Amino acid sequence: MVALGGALPHATEVRELLAQLAGGRYERLVTLIVCLGLRKGEALALRWCDVDVRRRNLRINGTLTRLDGRLCRSEPKSPNSRRSLPLSDQVLHLLATQRDAQHEDRLRAANLWVETDAVFTTETGLPLDPRNVLRAVTVAAGRAGLANVSVHSLRHSAATAMLEAGVHLKGVSSLLGHADVRITAETYAHLSDEVARAALQGLSQTFATRD
């Protein structure tokens, strides 16, 4: 993995994108990706059984991909991709709102509803197609006049925000589900020297402390 090229969307640009998605089927999905730094396939593969409201966390244990023209739920990208993420009050509210909206969809669909336990679904309960998510974000970014925003860049923007907020590099790596902390360090080498230095200093203190 090499360092990212090009500028990543800033918080203001992410908010502008979400404003364009407001009220639509993809708003809460994209917001969750931004808040948790999820991969697109991980967010689309989420099931309600993966959400533990009492313990305030969700489990990432699958990814949704298209194989031979069909949507398939498969194993995560790597063993470290299988992880548990804490949920803030805002994300818990987002998920509760999503459950309510899905209930309304179920009532409207009646006997056309297909029960999949997926968190983010179509009007009839089927998992959302990754291609449609990409299309929705591309259209929303175009409307907002944002040239450097994509679903993939939103995950990186979340990671950058964590690092700039002082979250330890190892912690960010764990939250993102990277196979190795070195991937995180190399990927976000574009960060300011001060942020990168602080993150790497924290890592050194953890693993290179003298006896």
Side-chain angles (χ1 to χ4, degrees), residues 4 6-48 50-51 57-66 71 73 76-77 81 83 85-105 116-165 172 175-178 187-188:
L4 293 171
L8 290 177
H10 297 294
T12 300
E13 293 175 314
V14 173
R15 285 192 289 268
E16 290 173 0
L17 176 75
L18 293 176
Q20 291 296 325
L21 293 168
R25 187 162 297 273
Y26 302 99
E27 178 191 6
R28 287 182 289 275
L29 168 70
V30 175
T31 302
L32 192 72
I33 290 173
V34 170
C35 289
L36 299 181
L38 300 179
R39 299 178 177 94
K40 176 179 78 276
E42 292 173 342
L44 291 172
L46 280 177
R47 300 169 300 186
W48 288 113
D50 299 322
V51 180
N57 65 34
L58 61 78
R59 296 178 299 278
I60 303 297
N61 55 27
T63 187
L64 191 71
T65 56
R66 180 170 288 279
L71 291 180
R73 193 177 190 280
K77 185 176 180 180
S81 295
R83 60 202 188 278
L85 298 174
L87 301 178
S88 65
D89 290 341
Q90 292 85 349
V91 172
L92 285 170
H93 177 72
L94 179 152
L95 290 169
T97 303
Q98 174 61 20
R99 189 184 283 276
D100 290 343
Q102 192 177 76
H103 178 67
E104 293 299 321
D105 280 341
T116 61
D117 198 39
V119 173
F120 298 103
T121 53
T122 66
E123 296 89 339
T124 56
L126 296 174
L128 294 176
D129 191 318
R131 295 181 302 186
N132 292 338
V133 178
L134 290 174
R135 187 177 301 115
V137 170
T138 299
V139 171
R143 288 175 178 167
L146 304 174
N148 63 330
V149 178
S150 66
V151 178
H152 192 60
S153 71
L154 294 174
R155 168 173 158 86
H156 293 305
S157 292
T160 300
M162 292 180 209
L163 289 168
E164 291 183 339
V172 174
L175 290 170
L176 294 177
H178 282 164
T187 301
Y188 300 102

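Remember, predicted model here, so these are calculated numbers, not experimental data. We count residues from 1, following the sequence as given.
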Where do L17 and A140 come nearest, in terms of heavy atoms and distance?
CD1-CB, 3.6 Å

Rounded to the nearest 0.5 angstrom, the OG1-CG distance for T124 and D105 is 9.0 Å

Kindly compute the distance separating CG (L44) from CG (L32), expressed to the nearest 0.5 Å.
10.5 Å

d(C35 SG, L85 CG) to nearest 0.5 Å is 11.5 Å

Show your working on side chain to side chain donor-acceptor pair (under 3.5 Å) between Q98 and R28 and close with a plain yes or no.
CA-CA 7 Å; Q98 174 61 20; R28 287 182 289 275; 2.8 Å; yes

With sequence neighbours excluded, what pairs up with R66 under the salt bridge (charged side-chain N to carboxylate O under 4.0 Å, His left out) test?
D129

Do you know the tightest heavy-atom contact between A136 and L21?
O-CD2, 3.9 Å

Apply side-chain contact (heavy atoms from CB on, under 4.5 Å) to residues V51 and L46 and explain how you reach the verdict.
CA-CA 8 Å; V51 180; L46 280 177; 5.6 Å; no

Taking the side chain as everything from C-beta on, heavy atoms only, tell me whether Q20 gets closer than 4.5 Å to L146.
no

Between S81 and E42, is the side-chain contact (heavy atoms from CB on, under 4.5 Å) condition met? List the steps.
CA-CA 9 Å; S81 295; E42 292 173 342; 4.0 Å; yes

Using side-chain contact (heavy atoms from CB on, under 4.5 Å), reason through L87 and L36 one step at a time and then give a plain yes or no.
CA-CA 8 Å; L87 301 178; L36 299 181; 4.1 Å; yes

Keeping S153 on the side-chain end and S150 on the backbone end, is there a donor-acceptor pair under 3.5 Å?
yes

Is any side-chain heavy atom of T65 closer than 4.5 Å to one of L71?
no

Write down the atom of A45, the atom of D50, and the distance for their closest heavy-atom approach.
O-OD2, 4.2 Å

Any donor and acceptor pair, going by atom type alone, linking the side chain of T121 with main-chain N or O of P127 inside 3.5 Å?
no

At their closest point, which heavy atom of L29 faces which heavy atom of A43, and how far apart are they?
CD1-CB, 3.6 Å

In Å, rounded to the nearest 0.5 Å, how long is the span from OG1 of T116 to CZ of R47?
10.0 Å

How long is the span from the NE2 atom in H93 to the CD atom in Q90, to the nearest 0.5 Å?
9.5 Å

Let me see the working for F120 and V133 under side-chain contact (heavy atoms from CB on, under 4.5 Å), right down to the final yes or no.
CA-CA 11 Å; F120 298 103; V133 178; over 6 Å; no

Using a 3.5 Å distance criterion without hydrogens, assess whether the side chain of R73 forms a donor-acceptor pair with backbone atoms of L64.
no

Considering all heavy atoms, the nearest Y26-N132 contact
OH-CB, 3.3 Å

Could you grab the distance from atom OG1 of T97 to atom CZ of R99, nearest 0.5 Å is fine?
11.5 Å

In short, V119 meets Q102 closest at the heavy-atom pair O-NE2, 3.1 Å

